[in-house]
Amino acid sequence: MSVLSDRDIATQLTACRIRVDPYDPADLQPSSVDLHLDRSFRVFRNTRYAFIDVRSPQPDLTELLTIADEEPFILHPGEFVLGQTIEWVELPDDIVARLEGKSSLGRLGLLIHSTAGYVDPGWKGNLTLELSNVANLPIALYFGMKIGQISFFEMSSPVDRPYGSAGLGSKYQGQSEPTASAIFEDFDRGRRTASAPVVRDRGAGSSERPTR
């Protein structure tokens, strides 16, 4: 797996194999493309539930807010909200991508993702940002500001089932606004329990028994 250079990214964009829309050539970096912050944010309403239940739908756990062009969105210390990129991103079946924060914003204490930095081959949609303030002061965020960068990796071969394929349970394909977690949709399907131990093949002649 190799990282695409600026030259290769430009070639892929021109050939429409990778889509970043809107795209400005000024946003092309040595091995990535700069991304910008949209105006919508999904804010957690902590008074509506006693706790977050990952196996149950909680439709009003978050609320969608929108800011005006020059209106700041204030992210307080310790606060976590969902945002999104202005850019719509599409990937072919043989390229994956990584979303990373800007160094200058990281030095202020702004994190743009917790675990959602990986973008699967076949992805289509705006990218949801997991925005956290780990500084001691509030941070003002503005519509259209540079918020992160996306880099691209060419795979050893095309995947058999790109993101969005039937049976994968791709819950966020085509998202166009900051999208709340839908983990409850496949909680039971993806859960392993003590009643269903994982049996490992230890090779022929092995006398070891699988453990629970």
Side-chain angles (χ1 to χ4, degrees), residues 1-42 62 64-73 75 81-106 110-131 141-155 158-159 161-166 168-182:
M1 185 179 294
S2 58
V3 183
L4 297 190
S5 67
D6 52 0
R7 179 185 305 179
D8 292 330
I9 293 172
T11 298
Q12 296 283 350
L13 289 168
T14 301
C16 297
R17 296 194 71 247
I18 293 175
R19 180 182 174 192
V20 177
D21 185 22
Y23 171 70
D24 185 337
D27 292 326
L28 183 60
Q29 299 299 320
S31 60
S32 64
V33 175
D34 283 338
L35 301 175
H36 301 80
L37 183 64
D38 207 347
R39 64 176 79 250
S40 297
F41 299 87
R42 191 164 287 280
T62 62
L64 192 64
L65 303 179
T66 302
I67 59 172
D69 286 358
E70 299 303 323
E71 178 187 4
F73 180 89
L75 188 65
V81 304
L82 301 178
Q84 79 167 13
T85 62
I86 289 177
E87 289 83 4
W88 175 281
V89 176
E90 295 185 11
L91 299 179
D93 62 1
D94 60 351
I95 289 178
V96 298
R98 286 288 306 179
L99 175 66
E100 300 293 350
K102 299 294 290 183
S103 172
S104 295
L105 295 176
L110 179 67
L111 307 182
I112 72 164
H113 74 78
S114 300
T115 61
Y118 185 83
V119 188
D120 279 302
W123 165 265
K124 296 179 182 180
N126 296 86
L127 299 172
T128 291
L129 305 171
E130 302 162 339
L131 300 167
L141 305 176
Y142 294 89
F143 167 68
M145 65 180 283
K146 287 185 178 181
I147 195 65
Q149 54 197 345
I150 188 169
S151 55
F152 305 93
F153 301 77
E154 190 170 24
M155 304 180 68
V159 298
R161 295 194 300 166
Y163 191 85
S165 297
L168 279 183
S170 305
K171 299 180 287 296
Y172 309 111
Q173 183 77 308
Q175 65 183 16
S176 58
E177 65 178 30
T179 305
S181 172

Chemist: When you look at Leu129 and Leu35, which way does the side chain to side chain contact (heavy atoms under 4.5 Å, CB included) test go after all the steps?
Modeler: CA-CA 11 Å; Leu129 305 171; Leu35 301 175; over 6 Å; no

Chemist: List the steps, then state whether side chain to side chain contact (heavy atoms under 4.5 Å, CB included) holds for His113 with Leu127.
Modeler: CA-CA 10 Å; His113 74 78; Leu127 299 172; over 6 Å; no

Chemist: Please round to the nearest 0.5 Å and tell me the distance separating atom CE of Met145 and atom CG of Asp34.
Modeler: 11.5 Å

Chemist: Has the side chain of Glu87 got a donor or acceptor atom that lies under 3.5 Å from a matching backbone atom of His36?
Modeler: yes

Chemist: So, for Ile95 and Glu154, which heavy atoms are closest and what is the spacing to 0.1 Å?
Modeler: CG1-CA, 4.3 Å

Chemist: Considering non-hydrogen atoms only, spot the tightest contact between Gln175 and Thr179 and give its length.
Modeler: OE1-OG1, 3.1 Å

Chemist: When rounded to the nearest 0.5 angstrom, what distance separates CZ in Phe152 from CG in Leu13?
Modeler: 6.5 Å

Chemist: Nearest heavy-atom pair of Pro92 and Ile18: which atoms, and what distance?
Modeler: CD-CG1, 4.1 Å

Chemist: Do side-chain atoms of Thr62 reach the backbone of Arg42 as a donor and acceptor pair under 3.5 angstrom?
Modeler: no

Chemist: Using ring-ring contact (aromatic ring centres under 6.0 Å, His included) as the criterion, list what pairs up with Phe41, not counting sequence neighbours.
Modeler: Phe73

Chemist: With a 4.5 Å cut-off on side-chain heavy atoms, are Leu37 and Tyr142 touching?
Modeler: no

Chemist: Excluding sequence neighbours, so at least two apart, what forms side chain to side chain contact (heavy atoms under 4.5 Å, CB included) with Thr66?
Modeler: Arg39, Ser40

Chemist: Which atom names give the shortest non-hydrogen contact between Leu28 and Ala10, and what distance separates them?
Modeler: CD2-CB, 4.2 Å

Chemist: Check the pair Asp27, Lys146 against side chain to side chain contact (heavy atoms under 4.5 Å, CB included), reporting the backbone distance first and the verdict last.
Modeler: CA-CA 9 Å; Asp27 292 326; Lys146 287 185 178 181; 4.0 Å; yes

Chemist: Hey, mind stepping through Asp94 and Arg17 against side chain to side chain contact (heavy atoms under 4.5 Å, CB included) and telling me if it holds?
Modeler: CA-CA 10 Å; Asp94 60 351; Arg17 296 194 71 247; 2.7 Å; yes

Chemist: Short question: side chain of Gln84, backbone of Glu177 - any donor-acceptor pair under 3.5 Å?
Modeler: yes

Chemist: Indicate yes or no for a side-chain donor-acceptor contact from Gln149 to the backbone of Lys102 under 3.5 Å, with no hydrogens or angles considered.
Modeler: no

Chemist: To the nearest 0.5 Å, what is the distance between CG on Leu111 and CG on Leu105?
Modeler: 10.5 Å

Chemist: Identify the two heavy atoms, one from Gly148 and one from Ile112, that lie closest to each other, and give their separation to 0.1 Å.
Modeler: CA-CD1, 4.0 Å

Chemist: Does Asp6 reach the main-chain N or O of Ser31 with its side chain, forming a donor-acceptor pair under 3.5 Å?
Modeler: no

Chemist: Can you check whether Tyr163's main-chain N or O pairs, donor with acceptor, with Gln173's side chain at less than 3.5 Å?
Modeler: yes

Chemist: Assess the residue pair Glu100 and Ser32 against the criterion (side-chain hydrogen bond (donor to acceptor under 3.5 Å, both in side chains)); give the C-alpha distance rounded to whole Å, side-chain angles, the decisive distance to 0.1 Å, and a yes or no.
Modeler: CA-CA 10 Å; Glu100 300 293 350; Ser32 64; over 6 Å; no

Chemist: Looking only at non-hydrogen atoms, find the nearest pair between Ile67 and Leu141 and report the distance.
Modeler: CD1-O, 4.3 Å

Chemist: So, the side chain of Asp120 versus the backbone of Pro162: is there a donor-acceptor pair under 3.5 Å, distance only?
Modeler: no

Chemist: Working to the nearest 0.5 Å, report the span between CG of Asp69 and CZ of Phe143.
Modeler: 5.5 Å

